[in-house]
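Heads up: the structure comes next, in structure tokens.
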Protein chains: 2
Amino acid sequence: MTGSPRDPWDSGAVTDLGSTPGAGRRGRPGFDQETVLRRAIALFNQQGYDATSIGDLAKDLGLTKSAIYHHVDSKEDLLSAALDEALNSLNDAIQVAVDAPPQTSAAERLRTAVEESVRVLVQHQPAVTLLLRVRGNSPVEQSALKRRRAIDERVASLVQEAVAEGALRDDIPPDLISRLLFGTVNSLVEWYRPGGTIDPDSLARIVASLAFDGLRAE
Amino acid sequence: MTGSPRDPWDSGAVTDLGSTPGAGRRGRPGFDQETVLRRAIALFNQQGYDATSIGDLAKDLGLTKSAIYHHVDSKEDLLSAALDEALNSLNDAIQVAVDAPPQTSAAERLRTAVEESVRVLVQHQPAVTLLLRVRGNSPVEQSALKRRRAIDERVASLVQEAVAEGALRDDIPPDLISRLLFGTVNSLVEWYRPGGTIDPDSLARIVASLAFDGLRAE
DNA sequence: GTCTATACCGCGATAGAC
DNA sequence: GTCTATCGCGGTATAGAC
């Protein structure tokens with residue numbers, strides 16, 4: 001688990017965000033920004049952002065501290081990039097539900113929001129994990145929290161509409177439903193790891209089914 | 001929100017753990033260990049453990065850094081005490097369910113475990129919040145993680161028994177049920193604050209009902 | 001019980017050689 | 001693109017006066 005240097009050719013990125021020249025290059029690769037970001041996010045999640053030093057990141061990449069600054073302006077920039085990735089993805093997930101055809105019921109939209117959110121949490125697990133742990137200790141973190149609250153409000157609206165529609169039980173305050181429902185979804189980041197036995201789509205359906213139908217045997 | 005010094009007479013403790021002489025004392029009170037611990041936990045949760053310095057804690061209490069060390073041996077001791085509080089309480093909660101009368105069904109035991117856990121999360125919210133954020137960065141944290149995993153396993157057993165009994169749906173792996181169920185429960189620490197509109201017992205019943213019955217209108 | 005002063009260390013970040 | 005060396009700061013913790 002401790003700091004064996006990484007192969008520079010292995011970007012470690014789940015998705016290619018386009019900043020990597022990619023295979024077939026010649027000469028010494030060094031590390032591109034995307035690789036550094038991927039490893040930084042992983043370390044931030046393992047140890048916590050504040051407990052992770054630039055020196056830790058350097059060791060992990062097999063470089064010295066100062067070499068990091070050739071690729072990145074500051075430690076906080078790495079955090080900022082990660083939080084943007086998470087927030088943009090989550091926003092997109094909710095947008096899919098909001099953009100459903102007009103005749104779609106509020107309950108169906110909510111279910112879509114849940115399933116799309118699960119997919120995002122799985123696909124961008126490291127970045128979203130980081131987002132969910134942000135406390136607001138700096139302007140970067142505060143603005144991320146603000147964007148996150150905006151997303152929470154969009155979700156709460158979906159829940160309210162579904163309750164008003166009569167599809168969801170009305171013996172629980174809608175705000176509470178919303179918090180518990182997405183508390184369940186968000187808890188995925190605590191244990192889900194890519195390459196497990198359960199694929200993302202199945203997981204999305206299971207989470208939605210458990211939330212809507214409960215865990216009692218039918 | 002920023003650092004107005006605390007009244008030493010106000011212990012800030014949710015429960016009196018017995019180390020405070022209490023009201024009616026004469027002379028300069030200073031700060032007892034319990035008060036320092038309560039404020040430390042609050043700050044650790046607001047900013048994160050690593051981002052909180054002894055200086056921050058001193059400012060919050062209206063003291064200097066070095067005065068803290070009259071009450072506490074080290075920053076890590078404060079963390080250790082908080083994690084013990086959380087782990088002992090959670091263990092007790094599960095024990096209540098395990099100690100149910102012999103004729104109690106596994107499903108009933110599980111429901112009790114959920115409700116008792118909610119009560120503990122509410123009553124010891126600050127300490128439990130801290131526990132749920134521990135990453136294992138030091139021996140203290142690692143041993144807390146170990147104890148936490150042991151609790152998770154006891155819970156997973158309860159779920160397995162309930163599935164084996166036929167009371168819970170069997171189309172979802174028991175481990176997954178366990179993780180999602182207590183992911184929901186644990187997510188409470190993210191938003192529950194004492195003195196809100198909803199009392200702990202109602203919340204416990206709501207969480208259990210939502211988990212077992214789902215959020216669909218009946 | 002709290003203070004001032006300080007030891008000692010590791011942090012983020014920069015300068016400049018290669 | 002990476003290195004060595006270093007700056008300045010703030011961290012935990014301690015010593016000793018009051």
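Below, chains carry the letters A, B, ... as their sequence lines are ordered, and counting in each starts from 1.
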Going 5' to 3' along nucleotides 4-16 of chain D, which nucleotides have protein heavy atoms under 4.0 Å from the base (write B), which only from the sugar-phosphate (write S), and which from neither (write -)?
B------SBBBB-
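- By the side chain to side chain contact (heavy atoms under 4.5 Å, CB included) test, A:Ser143 pairs with no residue at all, sequence neighbours left out.
- The CG atom of A:Leu61 sits 13 Å away from the C1' atom of D:dG1 (whole-angstrom rounding).
- Between A:His70 and D:dC3 there is no side-chain polar atom (N or O) within less than 4.0 angstrom of OP1 or OP2.
- A 6.0 Å sphere centred on CG of B:Asp99 holds more than 12 heavy atoms belonging to other residues, nucleotides or ligands.
- For B:Asn137, the side-chain hydrogen bond (donor to acceptor under 3.5 Å, both in side chains) criterion is met by no residue, not counting sequence neighbours.
- Remark on the helix from C:dG1-D:dC18 to C:dC18-D:dG1: inter-end axis angle 0°, axes from five-pair C1' superpositions, rounded to 10°.
- Residues in residues 188-198 of chain A take part in no side-chain hydrogen bond (donor to acceptor under 3.5 Å, both in side chains) pair, two or more places apart or across chains.
- Within the structure, ring pair (Phe, Tyr, Trp, His ring centres under 6.0 Å) pairs that include any residue of residues 46-65 of chain B comprise B:Phe44-B:Tyr49 (at least two apart or interchain).
- Within the structure, salt bridge (charged side-chain N to carboxylate O under 4.0 Å, His left out) contacts touching residues 116-125 of chain A (residues at least two apart or in different chains) are A:Glu115-A:Arg119, A:Glu116-A:Arg119, A:Arg119-A:Asp201.
- In this view, A:Asp84 and A:Arg147 satisfy the salt bridge (Lys or Arg N to Asp or Glu O under 4.0 Å) rule, not counting sequence neighbours.
- The separation between A:Lys59 atom NZ and D:dC3 atom P is 13 Å, rounded to whole Å.
- Screening residues 151-162 of chain A for salt bridge (charged side-chain N to carboxylate O under 4.0 Å, His left out) gives no qualifying pairs among residues at least two apart or on separate chains.
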